[in-house]
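Letters go in sequence order (proteins before strands), and every chain restarts at 1.
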There are 2 protein chains.
Amino acid sequence: MLSKKNQYALKAISYLTKKMGKGPVSIVEIAEKKKIPLKFLEAILLELKKNDFLDSKKGKGGGYYLHKDPGTVSIASIIRAIDGPIALLPCVSLNFYAKCEDCHEKSCKIKKVFIETRDATLKVLENKTLLDLI
Amino acid sequence: MLSKKNQYALKAISYLTKKMGKGPVSIVEIAEKKKIPLKFLEAILLELKKNDFLDSKKGKGGGYYLHKDPGTVSIASIIRAIDGPIALLPCVSLNFYAKCEDCHEKSCKIKKVFIETRDATLKVLENKTLLDLI
DNA sequence: ATTTAGTCTATTGATTTGGTGGACTAAAGA
DNA sequence: TCTTTAGTCCACCAAATCAATAGACTAAAT
C-alpha cells in the first residue's frame with residue numbers, strides 16, 4: 001500500500017494539475033480543499049519540488065504550481081519519489097535494486113513471478129500521467 | 001514491497017512444495033537451507049498453518065508439510081495472509097477495503113488509476129500458484 | 001522416560017509513519 | 001521601508017510496524 005504521505009502527494013499534485021495556468025496555489029488552499037494536515041502537506045510539497053515535480057513562488061500571491069507538461073509526468077515517477085520502490089521484491093526493482101542474499105539459484109522462480117508482476121504493474125503506472133488524474 | 005516475513009514465507013512454502021510427498025520437514029531444516037532466522041521462521045510457519053496453507057506433525061519425524069494441491073494455491077493468497085492488501089490504496093482493495101475520507105467526488109480519477117493497477121497486478125498474482133515457484 | 005519437534009506468549013530494539021512547533025527568508029504592496 | 005503574506009528549514013514526537021529473540025509448554029515417537 002502507498003503511504004499516507006504518498007496518497008496526500010497524489011491528491012495535492014492532482015489538484016495543482018487542475019489549477020494549472022491559474023497561477024500559484026497556496027499550501028493553505030490545498031490543505032483545506034483536499035483535507036490534508038497543513039504542516040504535513042508543507043513537507044510533502046517541498047519534497048515534490050525538490051524532485052522537480054513542482055515549482056513555487058514566495059510572498060504574497062505565491063504558492064505552488066506545476067511547471068511541467070502534465071502528460072509527461074507518470075504516476076510511477078511520483079510514487080518512486082515519495083515511497084520508493086514499486087516492485088514487490090528488492091531483487092526485481094528497476095530503480096531501487098538490491099540483490100537478495102542466498103538466492104544462489106541462477107534462475108530463482110520466485111524472482112520470475114515477481115518480475116512478471118512488476119512488469120504488469122508498471123505497464124499501467126508508467127503510462128498513466130497527471131492527465132489521468134483530472 | 002513485501003515484508004521480510006513475507007519473503008521468508010514464500011521461500012519456505014516454496015521449499016515445502018518441492019519436498020511435497022516426502023514427509024514432514026523440520027523447521028530447522030528449512031531455516032538452514034533457506035537461511036532464515038529459526039525463531040522467526042517458527043512464527044511464520046505457524047501463521048501459514050493457521051491460514052491453512054500448511055499442516056504439521058509434532059514429535060520425532062515431525063515437521064511441516066503442504067497438504068493442498070500446489071496448483072490451487074495462488075501467490076496472491078499467500079501475500080494477503082502475511083502482509084495483507086495487495087492494492088496500493090485502501091479504497092480499491094478487494095479483500096481489505098476501507099473507504100477513503102473526503103473522496104466525495106463520485107468518480108475519483110485517482111481511484112480509477114489504482115483500480116486498473118490493482119487489476120493488472122492481480123491478473124498475475126492470482127494466476128500464479130505454488131507450482132510456478134518450483 | 002527420554003528425546004524430538006512443533007506451539008504459545010512475551011518482550012525487545014530499531015525503524016518508519018504520520019505528524020507538530022517554531023524560527024527564518026523571500027517577495028509584494030502600501 | 002515596514003508590514004503582511006507565503007514558502008523554507010530544522011528539530012522533535014508518539015505510535016505503529018518490523019524483524020527478530022527468549023523461554024516455557026505440549027504432543028508424538030521410541
Side-chain angles (χ1 to χ4, degrees), chain A residues 1-12 16 19 23-32 34-67 79 82-85 88-90 96 98 100-101, chain B residues 1-12 16 19 23-32 34-67 79 82-85 88-90 96 98 100-101:
Chain A
M1 299 257 287
L2 298 185
S3 67
K4 222 92 173 54
K5 189 177 176 184
N6 210 328
Q7 298 177 39
Y8 290 152
L10 289 170
K11 285 189 183 192
L16 288 174
K19 294 268 187 172
V25 183
S26 76
I27 303 181
V28 172
E29 177 182 338
I30 305 173
E32 277 169 2
K34 306 310 279 181
K35 304 241 172 73
I36 302 172
L38 183 63
K39 294 294 285 180
F40 198 13
L41 178 59
E42 220 179 271
I44 293 167
L45 291 173
L46 204 51
E47 200 170 332
L48 285 172
K49 180 185 176 179
K50 288 196 173 135
N51 280 281
D52 199 36
F53 292 106
L54 300 176
D55 211 342
S56 64
K57 203 162 126 24
K58 280 186 174 180
K60 188 162 196 189
Y64 279 93
Y65 54 96
L66 190 66
H67 73 307
I79 295 177
I82 302 295
D83 274 356
L88 291 176
L89 294 179
F96 299 85
C100 48
E101 320 302 313
Chain B
M1 298 256 288
L2 298 185
S3 67
K4 224 92 172 51
K5 190 176 175 186
N6 211 328
Q7 298 178 40
Y8 290 152
L10 288 169
K11 285 189 181 189
L16 289 175
K19 292 269 187 173
V25 183
S26 75
I27 304 180
V28 171
E29 178 182 337
I30 305 173
E32 278 169 1
K34 305 311 280 182
K35 304 241 172 73
I36 301 171
L38 183 62
K39 295 294 286 180
F40 198 11
L41 178 59
E42 223 179 87
I44 293 167
L45 292 172
L46 204 51
E47 200 170 333
L48 287 172
K49 180 185 174 179
K50 289 195 172 134
N51 280 280
D52 199 36
F53 291 108
L54 300 176
D55 211 341
S56 65
K57 203 160 126 27
K58 280 185 173 179
K60 187 162 195 190
Y64 279 93
Y65 54 96
L66 191 66
H67 73 307
I79 295 177
I82 301 296
D83 273 356
L88 291 176
L89 294 180
F96 299 85
C100 48
E101 320 302 314

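Residue A:Lys50 contributes atom NZ, which lies 7 Å from atom C1' of D:dC9 at whole-angstrom precision. Atom CG of A:Leu2 is separated from atom P of C:dT16 by 18 Å (rounded to the nearest Å). Across the protein-nucleic acid pair, B:Lys49 atom NZ and C:dA5 atom C1' stand 12 Å apart, rounded to whole Å. Taking atom CD on B:Glu47 and atom C1' on C:dG6, their separation rounds to 16 Å, with Å as the unit. Between A:Ile82 atom CD1 and C:dG19 atom P the separation is 14 Å, expressed in whole Å. Between the CG atom of A:Leu38 and the P atom of C:dG22 there is a distance of 14 Å, given to the nearest Å. Between the C1' atom of C:dG6 and the CG atom of B:Leu48 lies a distance of 14 Å, rounded to the nearest Å. A:Glu32 has its CD atom 14 Å from the C1' atom of D:dA6, to the nearest Å.
Residues A:Ala43 and B:Leu46 both approach DNA chain C. Their nearest nucleotides, taken by heavy-atom distance, put B:Leu46 toward the 5′ side. Map B:Asp83 and B:Lys57 each onto its nearest nucleotide of DNA chain D; the residue landing nearer the 5' end is B:Asp83. When each of B:Lys5 and A:Gly61 is assigned the nucleotide of DNA chain D with its nearest heavy atom, A:Gly61 is the one assigned upstream, toward the 5' end.
Candidate nucleotides C:dG29, C:dG19, D:dG7 were compared by shortest atom distance to the side chain of A:Phe40, and C:dG19 ranks first. Closest to the side chain of A:Ser56, from the set D:dG7, C:dG18, D:dA27, is D:dG7. Closest to the A:Lys60 side chain, of the nucleotides D:dA28, D:dA20, C:dG29, is C:dG29. Relative to the side chain of B:Ser26, the nucleotides C:dC8, D:dG7, C:dG6 differ in distance, and C:dG6 lies closest. Checking C:dT20, C:dG6, D:dG7 against every side-chain atom of A:Pro37, the shortest atom distance belongs to C:dT20.
Side-chain atoms of B:Asp83 do not come within 3.5 Å of backbone N or O of B:Asn6 as any donor-acceptor pair. At distances below 3.5 Å, not a single donor-acceptor pair connects side-chain atoms of B:Gln7 with backbone N or O atoms of A:Leu89.
With salt bridges taken as basic N to acidic carboxylate O contacts below 4.0 Å, none links B:Lys50 and B:Glu47.
Note on A:Leu45: nothing from the nucleic acid sits closer than 4.0 angstrom, heavy atoms only.
Side-chain N/O atoms of A:Lys39 and base N/O atoms of C:dG18 include no donor-acceptor pair closer than 3.5 Å.
Proximity of B:Met1 to A:Leu88: side-chain heavy atoms (C-beta onward) are nowhere separated by under 4.5 Å.
The side chain of A:Tyr8 contributes an N or O atom lying less than 4.0 Å from OP1 or OP2 of C:dG19.
The minimum heavy-atom distance between B:Leu41 and B:Ala31, with the atom names listed, is CD2-N, 3.4 Å.
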